[in-house]
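Reviewing the structure listed below.
Protein chains get the first letters and strands the later ones, always in sequence-line order, with residue 1 at the start of each.
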2 protein chains.
Amino acid sequence: MKIKDIAKLAGVSVATVSRVINNSPKVKPETREKILKIIEEYKYEPDHFAKSLRKRQSNFIGILLIRNSLSTEDSYTHPFLSGVLEYLFHHDLKLVLDSCDKKSGLSHYKKLIKSKLVSGFIITDLRENDERIEYLNSINFPYVVIGRNKKNNFIYIDPDNNQGGYLGIKHLFEIGCKKILYISGNKGPVVTEQRLSGVLKAKNELGVELEIKYGDFSKESGYRIAKSVKLEKYDGIFCASDLMAYGVFNYMKESGIEKPLIGFDDLPSSKILGITSINQNIFDVGFNAAKMLHKLINKEKVASMLLPVEVSVRESTLKFRK
Amino acid sequence: MKIKDIAKLAGVSVATVSRVINNSPKVKPETREKILKIIEEYKYEPDHFAKSLRKRQSNFIGILLIRNSLSTEDSYTHPFLSGVLEYLFHHDLKLVLDSCDKKSGLSHYKKLIKSKLVSGFIITDLRENDERIEYLNSINFPYVVIGRNKKNNFIYIDPDNNQGGYLGIKHLFEIGCKKILYISGNKGPVVTEQRLSGVLKAKNELGVELEIKYGDFSKESGYRIAKSVKLEKYDGIFCASDLMAYGVFNYMKESGIEKPLIGFDDLPSSKILGITSINQNIFDVGFNAAKMLHKLINKEKVASMLLPVEVSVRESTLKFRK
DNA sequence: TCCTCATGTGTAATCGATTACATTCAAATA
DNA sequence: TATTTGAATGTAATCGATTACACATGAGGA
């Protein structure tokens, strides 16, 4: 079933049918009705490839996952993609999901661009000095980045890590903590600085005592640090990642110490373990990334975006509330 | 840059360039070399839409996620999609990820088919009496289903739940359990029967004593059942889902009882909690689903597939080992 | 020498839509 | 009445590739 068939059935030319499909105003209402009825009756759908070819536009956006990067706890992909899809759903856009190697992945992006398959990218797994950024900037191709790096010469969307650090300390303060241990991530990643900076802001503003140790975001590092310091000294612990909080959690169980504990990221396990954490709405990240990209594709002005985070309060701090 | 430009640069016709691109054997080697060099030099890529239109074939497969179905713990999507993408990566296929409503989602599938955008589907979130199945069967469109239902009139791929049930009991038996509590899922879903049937097979084969209670896969139901029975009576507990195992786990912590415990699904939290569980390799599910679909699209014969599962042994049973 | 045949290449039709331009027809205006 | 105008529709070119068919060339056989 193609446009020609519909035209024949309706006794009009293909041009008129096309006009109806594309909502051109210059079609007589009765003609439009008649054609729509036939289209409906035969469940006609225009050929996607013919349409894209002729219109010289793709309604695809691309997301490339890194090959072989299966982390044990990925709770990110589903809500993120759902958010993206939710936006696309309402705007006649589609998503091509593809994969590429971490190294040498650029050629894959180039292929998708040169074959005119996609009209924009959402970039994930950003690196410092990311060759993808350099390339996309150089040809002025629309894209939005999830996260930031030091160069930061692009449009990005990122949860407000700074605010997250702030809220964590504030929450501990509110349940009565005065001497807090902050287990930071390792120096290097931008998130480390962002979260730390929020933590420091809260410290100064609220006047709590703060000690800082540096882990590396991993469970093991959390455990190690918890073991090496005297936890008794503190009346609250804030970790820059849930994984580190799990390490601390395990150590506390072992040693019988009980202190208020907060993590960061709000992984699903935190809900099950009852650990308070800083929650980022990943669905919103996806949704807004798609929205921003859509605007960029339409040549509209777009500003980078920080998404608010919030504290998911659970057992691990709740039971210490005064 | 289009094929015409390449042809001009090489001093040949577009047909010859096209032949080179499509590996037609009837091109003189020197001509081929010359053209390939120019293609390489200019990084030419054929227009995807033109190619698909003319060849009357799409190299897209489709997966539709259900809208607004954000479960707290989704550890499935990423490895599944990674598996799918890994196969596609090597076979010049691409994935269109889209979404549709749980109810009335069928029209979305129809659209993708009628617009000729996709040449096959991987069906997830299967229901009993799934209208998608009826429709796809009726028009003989290629698809592969993740999971099974009672009708089961389709090609599917599914982890071997039966084997999982068997292995769970066997593992408990091997660490010395003789009187086991099995907390099943609710009657209805196919997995309930499958897992239970494996459990029963092991019971008969190994001669252990077995008691069965029915939960509903949820954490709460696990907790409730653990509380309502006398856990002391048993020397091992096997749950048909990790969530139920978490409920049991929590109750045991509270009540100070310690018994070997196994869950099913191997959610990420199980690793963190140290709970032994039945693991399904989700990456393999995705990879093989893509492979099977590819064969179906190429009109090859394909048989449904059960993927082996294994026991991820952890603390919750390890420490009881004799 | 002439014919056949294989090899390599070019010409032009084609896929199914969109759209610039042409055409028709009736109403409005001079 | 003749002319202009605008609305509605049709004709045909076009997007960029693939491919059936035509054609040219030279080798090999009669």
Using 30° and 60° as the class limits, which term best fits the ring planes of [X] and [Y]: parallel, tilted or perpendicular?
X	Y	result
F49(B)	F60(A)	parallel
Y87(B)	F287(B)	perpendicular
F154(A)	Y156(A)	perpendicular

Length of the [atom1]-[atom2] vector between [X] and [N], whole Å:
X	N	atom1	atom2	answer
L117(A)	dC15(D)	CG	P	20 Å
K114(A)	dA17(D)	NZ	P	13 Å
K4(A)	dG10(D)	NZ	P	15 Å
D47(A)	dA17(C)	CG	C1'	7 Å
L53(B)	dG16(C)	CG	C1'	6 Å
K2(A)	dT18(C)	NZ	P	14 Å
M1(A)	dA17(C)	CE	P	10 Å
K8(A)	dG10(D)	NZ	P	14 Å

Ion pair check, [X] and [Y], cut-off under 4.0 Å:
X	Y	value
E128(B)	K151(B)	no
D130(A)	R132(A)	yes
D98(A)	K94(B)	yes

From the options [options], select the nucleotide whose nearest atom is closest to the side chain of [X].
X	options	result
I3(B)	dG10(D), dG10(C), dT18(D)	dT18(D)
R54(B)	dT11(C), dC15(C), dA17(C)	dC15(C)
A50(B)	dT11(C), dT18(C), dA17(D)	dA17(D)
V14(B)	dA13(C), dA12(C), dG16(C)	dA12(C)

message: Once you apply a heavy-atom cut-off of 4.0 Å, does T31(A) come out as touching a base, just sugar-phosphate, or nothing?
response: sugar-phosphate

message: Does K2(B) qualify as a cation-pi partner of Y44(B), given the criterion of NZ or CZ under 6.0 Å from the six-membered ring centre and within 45 degrees of its axis?
response: no

task: Please check the phosphate of dT18(D) (OP1 and OP2 only) for any side-chain N or O of R56(B) closer than 4.0 Å.
output: no

statement: Sorted by position of nearest nucleotide on DNA chain C, 5' first, the leading residue of P29(B) and Y44(A) is P29(B)

message: Can you list, in residue-number order, the parts of residues 16-28 of chain B that come under 4.0 Å of DNA chain C, counting heavy atoms only?
response: T16(B), R19(B), K26(B), V27(B), K28(B)

